[in-house]
There are 2 protein chains.
Amino acid sequence: MRTPQITLHQSNFMNTKDQIVSIANRMILEKGYNSFSYQHLSAEIGIKKASIHYHFPAKHDLGIAVIQFHHESFKNFVTEIKEKGKSPMQQLDEFFGTYKHIITQKNQICLAGILGAEFKTLPENMQEEMQSYFESRRKWLEKVLADGLYSGDFRFTGQPKDMVFIIMSTLQGILQIARTNQNPDYFFLATQKIKNLLLNG
Amino acid sequence: MRTPQITLHQSNFMNTKDQIVSIANRMILEKGYNSFSYQHLSAEIGIKKASIHYHFPAKHDLGIAVIQFHHESFKNFVTEIKEKGKSPMQQLDEFFGTYKHIITQKNQICLAGILGAEFKTLPENMQEEMQSYFESRRKWLEKVLADGLYSGDFRFTGQPKDMVFIIMSTLQGILQIARTNQNPDYFFLATQKIKNLLLNG
DNA sequence: GTCTATATATAGATAGAC
DNA sequence: GTCTATCTATATATAGAC
């Protein structure tokens with residue numbers, strides 16, 4: 001039995017299409033888009049390659065489905081957090097928490113980390129899908145930072161938009177480096193340093 | 001004519017073997033190790049695939065040569081900077097400066113950024129070569145930070161070793177994100193934030 | 001919706017002539 | 001040291017039977 005992925009769990013209750021997306025998602029986070037194949041999927045799911053093509057005619061159709069799944073998860077996260085009425089700092093902490101499954105599952109890095117590296121080799125429609133997903137996250141975080149400046153939760157200098165890039169790149173980079181260095185603790189250290197930056201930088 | 005890479009320039013004066021490493025290097029930084037082939041190299045260099053196999057029998061031989069080239073470049077950088085007798089902060093600035101060619105050449109990210117993402121798909125000997133290269137950089141930067149704490153150049157809390165990971169992951173992440181967002185300015189912003197962290201964090 | 005069979009392209013690699 | 005020719009494996013994808 002495989003470990004479940006994010007909120008999308010692989011189980012006997014899942015239909016074939018969702019199961020394909022779930023396993024493709026794990027493979028992409030482990031090895032990247034270019035290094036997994038319908039053959040690999042086939043072996044693991046237990047149906048033939050041709051059957052996977054029935055659900056996702058071209059590989060990029062599946063690639064896009066995986067990105068959209070992450071995008072949907074993020075939208076759900078945003079909706080949930082709105083209802084809770086948390087402070088900007090608490091929202092930031094919850095955001096950091098969404099990375100938790102990546103850190104605890106040793107072999108993975110974040111989607112942006114892997115597809116960002118492969119970016120120039122991806123089909124154009126996948127590039128656009130990634131940019132849309134990234135933009136969605138960027139905008140949300142920018143608003144949290146702006147709100148935090150206004151409320152006094154944060155006290156950094158410069159534009160929220162610029163700080164967003166620093167934060168997201170630090171998270172993305174640390175996940176990559178933590179993986180090759182087998183030390184997930186660095187993620188928590190990084191989030192601490194980011195907070196310092198937001199309070200003093 | 002192609003733009004030269006780092007200190008290794010592609011030119012008519014370069015022998016075939018070096019030329020192969022030079023072009024493979026650029027292709028890896030643009031597309032990654034898994035997404036370039038002897039076929040692509042062949043087309044660009046103007047000799048046949050079989051001839052490339054003469055110089056580098058297996059693809060990972062070439063991959064290792066590229067990593068070692070970066071490692072050698074870094075060793076040269078370290079040697080040069082030692083002779084100059086610079087302060088820790090100046091050394092840090094020079095270190096940031098070694099990323100300059102990546103930022104100005106739009107299509108590239110740093111070697112660790114691309115091979116770190118592909119890490120789990122790389123042959124074992126390439127993984128080891130990468131870890132050796134990374135360790136070399138890590139140790140050097142740790143010493144600079146420790147020296148800087150001692151001299152008073154830096155005033156951050158926590159261990160230099162931990163701070164190294166934060167710095168390297170921020171650089172790696174920002175280069176990736178700057179590429180997909182077409183904005184090299186974020187690199188300079190990131191280096192500024194790192195300095196803030198070293199002075200107040 | 002899943003299967004077998006097949007098509008087509010490309011990758012990494014080797015043998016042997018020049 | 002470079003070439004042509006060839007091998008074997010794999011990838012993406014389609015056709016058509018069940």
Side-chain angles (χ1 to χ4, degrees), chain A residues 10-67 114-115 118 120-127 129, chain B residues 10-28 30-67 114-115 118-127 129:
Chain A
Q10 185 192 349
S11 81
N12 299 329
F13 307 113
M14 196 183 284
N15 66 38
T16 306
K17 193 163 182 174
D18 289 344
Q19 213 181 335
I20 293 169
V21 173
S22 169
I23 299 187
N25 175 53
R26 175 170 50 72
M27 287 182 169
I28 288 175
L29 294 182
E30 276 178 20
K31 309 190 150 196
Y33 176 77
N34 293 315
S35 298
F36 89 97
S37 69
Y38 277 33
Q39 189 72 264
H40 299 138
L41 278 174
S42 166
E44 191 154 332
I45 300 176
I47 64 173
K48 297 294 170 181
K49 282 195 297 177
S51 309
I52 303 177
H53 277 287
Y54 168 80
H55 297 284
F56 300 97
K59 194 186 178 186
H60 63 243
D61 295 322
L62 178 50
I64 285 178
V66 168
I67 300 172
I114 194 88
L115 296 191
E118 293 185 296
K120 294 194 59 84
T121 71
L122 299 179
E124 206 176 335
N125 49 5
M126 279 187 68
Q127 291 189 359
E129 203 66 42
Chain B
Q10 184 193 351
S11 80
N12 299 329
F13 306 114
M14 195 183 283
N15 65 37
T16 306
K17 193 164 183 174
D18 289 346
Q19 214 181 335
I20 293 169
V21 173
S22 169
I23 297 186
N25 176 54
R26 175 171 51 72
M27 287 182 168
I28 288 175
E30 276 178 19
K31 308 189 150 199
Y33 176 76
N34 292 315
S35 298
F36 89 97
S37 69
Y38 276 33
Q39 189 72 267
H40 298 138
L41 278 174
S42 165
E44 191 154 331
I45 301 175
I47 64 173
K48 297 294 170 182
K49 279 198 299 177
S51 309
I52 302 177
H53 278 286
Y54 168 81
H55 296 284
F56 300 97
K59 194 186 178 186
H60 62 243
D61 295 322
L62 177 51
I64 286 178
V66 168
I67 300 171
I114 194 90
L115 296 191
E118 294 184 296
F119 198 73
K120 294 194 58 85
T121 71
L122 299 179
E124 207 176 334
N125 49 6
M126 278 186 68
Q127 291 190 358
E129 202 66 43

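In the text below, chain A, chain B and the rest are named by the order of the sequence lines, each starting its count at 1.
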So if I take every side-chain heavy atom of [X] and compare against [options], which nucleotide ends up nearest?
X: A:H55; options: D:dA11, C:dG1, D:dG1; result: C:dG1
X: A:Q39; options: C:dA13, D:dA15, D:dA11; result: D:dA11
X: A:I47; options: C:dT2, D:dC3, D:dG1; result: C:dT2
X: B:K59; options: C:dA15, C:dA5, C:dA13; result: C:dA13

Distance below 4.0 Å between [X] side-chain N/O and [N] OP1 or OP2:
X: B:S37; N: C:dA11; value: yes
X: B:T16; N: D:dT2; value: yes
X: A:H53; N: C:dG1; value: no
X: B:S51; N: D:dG1; value: no

When you measure from the side chain of B:K59 to the backbone N and O of B:F36, does any donor-acceptor pair fall under 3.5 Å? yes

Spell out yes or no: do the side chain of A:K49 and the base of D:dT12 have one donor N/O and one acceptor N/O closer than 3.5 Å? yes

Below 4.5 Å, heavy atoms only, C-beta onward: do A:L29 and A:V66 meet side chain to side chain? no

Rounded off to whole Å, could you give me the [atom1]-to-[atom2] distance for the [X] and [N] pair?
X: B:L41; N: C:dT10; atom1: CG; atom2: P; result: 16 Å
X: A:N34; N: C:dA11; atom1: CG; atom2: P; result: 12 Å
X: B:Y54; N: D:dA5; atom1: OH; atom2: C1'; result: 20 Å
X: B:F56; N: D:dT2; atom1: CZ; atom2: C1'; result: 16 Å
X: B:K31; N: C:dA11; atom1: NZ; atom2: C1'; result: 15 Å
X: B:I52; N: D:dT4; atom1: CD1; atom2: P; result: 13 Å

For a quick check of understanding: with a heavy-atom distance under 4.0 Å over all strands, which category does [X] fall into, base, sugar-phosphate or nothing?
X: B:Y38; result: sugar-phosphate
X: B:H40; result: sugar-phosphate
X: B:K48; result: base

Among A:L62, A:D61, A:T121, A:I64, find the residue that satisfies the side chain to side chain contact (heavy atoms under 4.5 Å, CB included) test when tested with A:M126. A:I64

Taking NZ in A:K31 as the centre, count heavy atoms belonging to other residues, nucleotides or ligands within less than 6.0 Å. Is the count above 12? no

If you draw the axis of the six-membered ring of B:F56, does the NZ or CZ of B:K17 fall within 45° of it and under 6.0 Å from the ring centre? yes

